[in-house]
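The analysis underlying the following values was restricted to heavy atoms, covering all of them including side chains, and did not include hydrogens, waters or symmetry mates.
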Amino acid sequence: MSTVGDHALFGLGLLVLCCSTLALGRWARLDLGWFPLWALVRATVQLSAIALILSGVLAAPATVAAFLVLMVSTASLTAAGRLKGLRHGRRVAVLGVVVGSAVTLALVLALHLVDLEARYVVAVAGIVIGNTMSAATLTGRHFLHDTRQRRDEVEAWFALGASPSQAHDEIGRTAVREALLPNLDQTKSTGLVTLPGAFVGALFGGADPVEAAQFQLVVLAGLGLAMTTTGVIVARLAGRTPYLPEQDD
């Protein structure tokens, strides 16, 4: 049983790590301001709230669907906020996150890759939904950046009679690939360079190492599908507009 002193020491340790991040950022002139501290404070508040909510969700499996809707909604809105520079960027981000998450979770459950229990569904869904949010954001931002940088090339395609999808095709494919590479690199190095959170969490929860490895593999395979689906949707929909974004000053 953790005591007040244990919690205080834990909080102090987190504060030391965060202050070290702030100090390094200022020394390197990264212009992050207080954002690392603000992000950690938000994470602390949100995780504390989620821990309380999950206690009720796991005790009443019928509430899992509502919790999944909450996660998808939050992820969609977060990604949408990052893609304001794209034409219809909000709509594109929401659709990418929702479809990428839904398709992957439906397949994982249909194939019985995890038991249909609240704790497993919530665990897999949380990881998958969070990464579709990242995929939507990264794909959209890469697409926007490359479209601005290659504006003349896109306009040349238009001049030759190409459709918007044709003119943006290579830019879209590059954006999806760049968004997926970090996750694919992590997947490739799993077990040698990294021990992912799902694997470590399952071990801490008392799972057999083989079962923990199986759960992690389900997560990795699911992330590959979810992020690819999300990235393709975002890139394809973003590339359908004939309007080019304004160039940066």
Trainee: Return the set of residues passing salt bridge (charged side-chain N to carboxylate O under 4.0 Å, His left out) with R150 (not counting sequence neighbours), or none when no residue passes.
Mentor: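 If we apply the salt bridge (charged side-chain N to carboxylate O under 4.0 Å, His left out) test to R150, skipping adjacent residues, the hits are E153, E170.
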Trainee: Could you pull out every donor-acceptor pair under 3.5 Å between side chains of residues 17-38 and any protein atom, sequence neighbours left out?
Mentor:
{"unit_1": "S20", "atom_1": "OG", "unit_2": "V16", "atom_2": "O", "d": "2.8"}
{"unit_1": "T21", "atom_1": "OG1", "unit_2": "L17", "atom_2": "O", "d": "3.1"}

Trainee: Given the rule that I, L, V, M, F, W and Y join up when any side-chain heavy atoms are under 4.5 Å apart, are L70 and I127 in one cluster?
Mentor: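 Same cluster: L70 reaches I127 through Ile, Leu, Val, Met, Phe, Trp or Tyr contacts under 4.5 Å.
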Trainee: Which other residues end up in the same hydrophobic cluster as Y243, if Ile, Leu, Val, Met, Phe, Trp and Tyr are linked when side-chain heavy atoms come under 4.5 Å apart?
Mentor: none
Trainee: Which atom pairs, one a donor and one an acceptor, fall under 3.5 Å between side chains of residues 220-230 and the rest of the protein, sequence neighbours left out?
Mentor:
{"unit_1": "T228", "atom_1": "OG1", "unit_2": "G224", "atom_2": "O", "d": "2.6"}
{"unit_1": "T229", "atom_1": "OG1", "unit_2": "L225", "atom_2": "O", "d": "2.8"}
{"unit_1": "T230", "atom_1": "OG1", "unit_2": "G96", "atom_2": "O", "d": "2.9"}
{"unit_1": "T230", "atom_1": "OG1", "unit_2": "A226", "atom_2": "O", "d": "2.9"}

Trainee: Determine whether L111 and V124 fall in the same hydrophobic cluster, where Ile, Leu, Val, Met, Phe, Trp and Tyr are linked whenever their side-chain heavy atoms lie under 4.5 Å apart.
Mentor: yes
Trainee: If you look only at pairs with a residue in residues 149-189, which of them pass as a ring-ring contact (aromatic ring centres under 6.0 Å, His included), with sequence neighbours excluded?
Mentor: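 The answer is F143-H168.
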Trainee: For L160, which residues count as a side-chain contact (heavy atoms from CB on, under 4.5 Å) partner, sequence neighbours excluded?
Mentor: none
Trainee: Measuring from atom NE2 of H88 to atom CG of L237, what distance do you get when rounded to the nearest 0.5 angstrom?
Mentor: 10.5 Å
Trainee: Return the set of residues passing side-chain hydrogen bond (donor to acceptor under 3.5 Å, both in side chains) with Q214 (not counting sequence neighbours), or none when no residue passes.
Mentor: none
Trainee: Say you draw a straight line from CG of L138 to CG of L181; how long is it, rounded to the nearest 0.5 Å?
Mentor: 11.0 Å
Trainee: Suppose we screen for side-chain contact (heavy atoms from CB on, under 4.5 Å). Which residues come up paired with V218, at least two apart in sequence or across chains?
Mentor: V108, L113, V114
Trainee: Do F10 and V45 land in one hydrophobic cluster if side-chain heavy atoms of ILVMFWY residues count as linked below 4.5 Å?
Mentor: no
Trainee: Using 0.5 Å steps for rounding, measure from the CG atom of L40 to the CG atom of L15.
Mentor: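 CG of L15 is found 8.5 Å from CG of L40.
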Trainee: Is any side-chain heavy atom of V121 less than 4.5 Å from a side-chain heavy atom of L68?
Mentor: yes
Trainee: Rounded to the nearest 0.5 Å, how far apart are CD of E178 and CG of D146?
Mentor: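 E178 CD to D146 CG: 8.0 Å, rounded to 0.5 Å.
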Trainee: Rounded at 0.5 Å granularity, tell me how far CZ in F215 sits from CG in D115.
Mentor: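 Going from the CZ atom of F215 to the CG atom of D115 covers 10.5 Å.
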Trainee: If the condition is salt bridge (charged side-chain N to carboxylate O under 4.0 Å, His left out), which residues does R91 pass it with, not counting sequence neighbours?
Mentor: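 For R91, no residue satisfies salt bridge (charged side-chain N to carboxylate O under 4.0 Å, His left out) once neighbours in sequence are set aside.
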Trainee: Taking side-chain contact (heavy atoms from CB on, under 4.5 Å) as the definition, give me every residue that meets it alongside R90, ordered by chain and number, with sequence neighbours left out.
Mentor: A80, K84
Trainee: Restricting to pairs with a member in residues 123-142, which pass side chain to side chain donor-acceptor pair (under 3.5 Å), not counting sequence neighbours?
Mentor: S101-T132
Trainee: Which atom pair, heavy atoms only, marks the closest approach of A79 to V97?
Mentor: CB-CG2, 4.3 Å
Trainee: Taking side-chain contact (heavy atoms from CB on, under 4.5 Å) as the test, write out the residues that go with L144, two or more places apart.
Mentor: L86, R148, P245
